[in-house]
Amino acid sequence: MLGRSDVESGVAGAETEALLPTTRPEVDIPSPKSPKFSKSCNQEPKFGFLHVSAAFILGSIACLVAQYALCGTGCFTRPPISSNRHGSEENKVTVLAPPYVGSTEVHKFPPSKPTNAYPSLFPSNVGYAGGTPTGAEAAVIETAPAYPLHTGQCNHQLLRPTELGGETRKEGDSTKHGKGKKKSKFNLFHSWGNLSPWFSIGRGKFGVDSGPETPETCRVTGLHFLHRHGARYPTAWASYGGPANFGTKLHRDPASWNAKGSLDFLNDWTYKLGEELLTPFGRQQLYDLGISMRMKYGFLLQNFTEKNTIPVFRTESQDRMLASAMNFAIGFFGYPFDGQYQQSITIEAKGFNNTLAPYKTCPNASDKSKASRGDWYIARWAEIYLKDAQKRLQKDLDGLDLSIQDVYTMQQLCPYETVALGYSKFCELFTEEEWDGFDYALDLQFWYGSAFGSPVARTQGVGWLQEFIARLTHTPIQTHNSSTNSTLNDNPVTFPLGQSLYVDATHEVVVLNIITALNLTTFAETGPLPYTHIPENRSFKVAELAPFATNLQFQLLECASVPGPQIRIIINDGVAPLTGIKGCPKQKDGMCPLSTFIEAQKEIISEVDWEWDCHV
Ligand SMILES: *[C@@H]1O[C@H](CO)[C@@H](O)[C@H](O)[C@H]1NC(C)=O
Ligand SMILES: *[C@@H]1O[C@H](CO)[C@@H](O)[C@H](O)[C@H]1NC(C)=O
Ligand SMILES: *[C@@H]1O[C@H](CO)[C@@H](O)[C@H](O)[C@H]1NC(C)=O
Ligand SMILES: *[C@@H]1O[C@H](CO)[C@@H](O)[C@H](O)[C@H]1NC(C)=O
Ligand SMILES: *[C@@H]1O[C@H](CO)[C@@H](O)[C@H](O)[C@H]1NC(C)=O
Ligand SMILES: *[C@@H]1O[C@H](CO)[C@@H](O)[C@H](O)[C@H]1NC(C)=O
Ligand SMILES: *[C@@H]1O[C@H](CO)[C@@H](O)[C@H](O)[C@H]1NC(C)=O
């Protein structure tokens with residue numbers, strides 16, 4: 001049951017057969033007033049307690065609703081979490097518990113047979129809803145004077161340390177960096193590569209001095225939205241690092257070592273993380289994203305009303321993918337979302353054609369030695385940037401040798417514990433410079449594993465590209481010669497063409513495959529990435545391109561000032577230059593004529609040879 005999984009690419013099959021939306025370990029979370037921890041951020045508070053509780057509650061409701069709704073239509077094979085108080089055997093509770101392979105402390109919730117569960121006494125619909133007149137849809141992208149940005153990590157959920165590597169500092173401070181050479185606006189939560197929670201990219205950061213809001217004289221006619229799942233536990237497999245391995249090493253013979261000083265906390269520390277599942281914070285990310293997209297683009301739903309249709313959103317069967325889509329839907333449509341859209345759940349498993357999980361049919365990509373190409377680079381880079389940290393931390397640990405890989409794993413524990421448990425003592429062990437090094441280690445991993453430095457990245461992105469072009473041109477896919485699935489793609493119900501709104505959910509590796517396939521070469525400008533040092537001003541940063549809940553807005557526009565339909569690509573609220581795409585002009589708002597864009601993408605599709613890249 002336990003598959004091998006790359007970063008998260010599910011190299012062979014990372015299905016965790018659990019239906020638990022997330023587990024909620026009861027951990028001893030110190031009060032936010034505890035001296036070493038500050039409030040999660042000093043940026044403007046965005047949401048109060050009520051909002052947050054609502055997110056949690058609605059999140060759980062969403063999952064329950066989804067289970068019932070989907071099981072009802074037979075498209076969902078796993079049994080719902082229900083209880084069988086008065087029930088017959090067929091109504092039996094079936095909760096498949098996750099494997100918890102590496103956890104040294106586990107809290108199983110919900111119990112498999114709760115004694116007080118009487119669903120019949122808690123009907124889900126009792127009527128008497130009161131008045132329900134609706135108003136008009138929001139259109140922030142077109143109407144608001146400014147575009148609301150997302151600080152990402154805040155929401156008062158995640159705590160950060162006030163000390164790093166033994167030095168007290170204030171978050172967001174412009175601090176002397178490293179050996180005093182340069183100044184930086186350091187943000188710990190933005191230094192975690194693919195493990196960063198997504199945040200809005202500053203205007204101009206990608207080289208286009210424009211924002212996501214509709215450019216002057218233009219209006220938005222459609223949106224293709226592509227996003228990643230929210231924060232998750234570590235994946236089941238890692239060829240370098242792997243937080244569970246550190247827990248195992250530490251707990252193999254606890255009597256044989258003793259920690260002191262900065263590592264004193266290890267004496268009582270347990271490894272509390274599960275595997276693969278969305279965390280409560282991850283649930284909130286998608287719920288928030290759903291709300292935010294509804295407020296920005298809700299007006300696009302009018303097209304569906306006019307045509308008497310509802311949208312089709314897509315995600316995959318993997319637990320965190322489905323849970324992410326459900327949380328997005330509860331945010332976007334509200335409770336209950338039944339009848340407002342149709343959720344396509346494509347199968348993510350070996351041998352199934354799936355553009356959102358292309359590695360499942362591309363042996364060369366899932367070949368472990370290739371998938372861990374990036375890890376080869378990390379291992380070399382870690383020897384350099386973690387040398388001092390290894391010596392420093394070893395001083396506080398008697399009886400157990402810390403390897404460089406162990407120290408890298410301790411760094412991984414900071415983001416993983418933070419997004420799962422709310423904070424992590426591991427964060428404060430490292431300096432700003434070491435966090436920059438960690439961020440770069442992940443850039444190396446993905447550059448060589450999933451993006452411009454990978455021989456199979458473009459190939460894996462091309463299936464989604466074919467679908468995208470089919471949607472843009474209202475023309476069915478002609479040849480199924482990549483990861484596309486003719487059963488789903490050739491059916492206008494499961495794969496509608498020419499809609500004004502699409503939402504697809506996938507993994508960070510696939511987002512990077514697609515960015516590579518699209519030929520967004522701006523992000524490749526400072527490559528190939530060396531493992532000897534961090535290049536200055538590198539344009540490829542995984543924390544910016546593929547963090548948790550990363551999201552791409554493909555905006556379709558019509559403008560009075562520019563002839564013909566236009567397209568723009570906005571990555572995490574940063575407008576991406578399209579000038580690497582053949583024929584796309586340098587345009588101040590980052591727009592390219594749709595026909596030019598389509599022509600270039602067709603050329604890319606025709607150049608890619610799936611059979612050769614994946615099998616030969
Ligand atoms: C296409 O997708 C459907 C639905 O998920 C699945 O049943 C079928 O096996 C897939 N086809 C291929 C060739 O993978
Ligand atoms: C693809 O896999 C085959 C068989 O495992 C191997 O011989 C070939 O070199 C691989 N091709 C690439 C481009 O990695
Ligand atoms: C699955 O993908 C393969 C390889 O591209 C293709 O030959 C086959 O027709 C596809 N099957 C379906 C049902 O789309
Ligand atoms: C959606 O509706 C708007 C307003 O009527 C229209 O301008 C736009 O072209 C429509 N988009 C699609 C994809 O039909
Ligand atoms: C990096 O960017 C800064 C500020 O834009 C610039 O001054 C510097 O020359 C750049 N360095 C390189 C190596 O491109
Ligand atoms: C893709 O990018 C490369 C390198 O910048 C460029 O030479 C090529 O023309 C581009 N191709 C397309 C179809 O955009
Ligand atoms: C796959 O089909 C597309 C047309 O849909 C074509 O442009 C491309 O050349 C084909 N690729 C291969 C390897 O046959």
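Numbering of ligands and ligand atoms starts at 1, following listing order. This one's a predicted model, so the numbers in the text were calculated from it and none came from an experiment.
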Side-chain H-bond candidate by donor/acceptor type, Gln553 with Tyr297, under 3.5 Å: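 Yes, Tyr297 and Gln553 have a side-chain donor paired with an acceptor closer than 3.5 Å.
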Sub-4.0 Å heavy-atom environment of ligand 1, residues by chain: Ile347, Gly351, Phe352, Asn353, Asn485, Leu488
Centroid separation Phe313 to Phe333 less than 6.0 Å: yes
N or O contact, Thr221 vs ligand 4, cut-off under 3.5 Å: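 Yes, there is a polar N/O contact under 3.5 Å.
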Nitrogen or oxygen of Asn303 less than 3.5 angstrom from that of ligand 4: yes
pair Tyr377-Gln445: side-chain heavy atoms closer than 4.5 Å: no
Please could you name the atoms of ligand 4 that [X] approaches to less than 4.0 Å, counting only its heavy atoms?
X: Lys307; answer: 14 (O)
X: Arg219; answer: 6 (C), 7 (O)
X: Ser500; answer: 11 (N), 12 (C), 13 (C)

Test: Arg294 cationic atom under 6.0 Å from Phe332 six-membered ring centre, within 45° of axis: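 Verdict for Phe332: a cation-pi partner in Arg294.
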Salt bridge present between Asp288 and Arg283 (N-O < 4.0 angstrom):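 Here Asp288 does not pair with Arg283 in a salt bridge, since their nearest N and O are not under 4.0 Å apart.
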Which of the ligand 3 atoms, numbered from 1, are nearer than 4.0 Å to a heavy atom of Ser482: 2 (O), 4 (C), 5 (O)
Per-atom contacts, ligand 3 versus Asn481 - under 4.0 Å to a heavy atom: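 The atoms of ligand 3 under 4.0 Å from a heavy atom of Asn481 are 5 (O).
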Residue that, paired with Thr459, satisfies side chain to side chain contact (heavy atoms under 4.5 Å, CB included) out of Ser482, Cys614, Ser454: Cys614
Side chain to side chain contact (heavy atoms under 4.5 Å, CB included) partner of Ser324, chosen from Thr506, Thr315, Asp319, Leu278: Leu278
Result of checking Gln460, Lys350, Glu348 against Tyr359 for side chain to side chain donor-acceptor pair (under 3.5 Å): Glu348
Listed partners of Glu306 passing salt bridge (charged side-chain N to carboxylate O under 4.0 Å, His left out), at least two apart: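 For Glu306, no residue satisfies salt bridge (charged side-chain N to carboxylate O under 4.0 Å, His left out) once neighbours in sequence are set aside.
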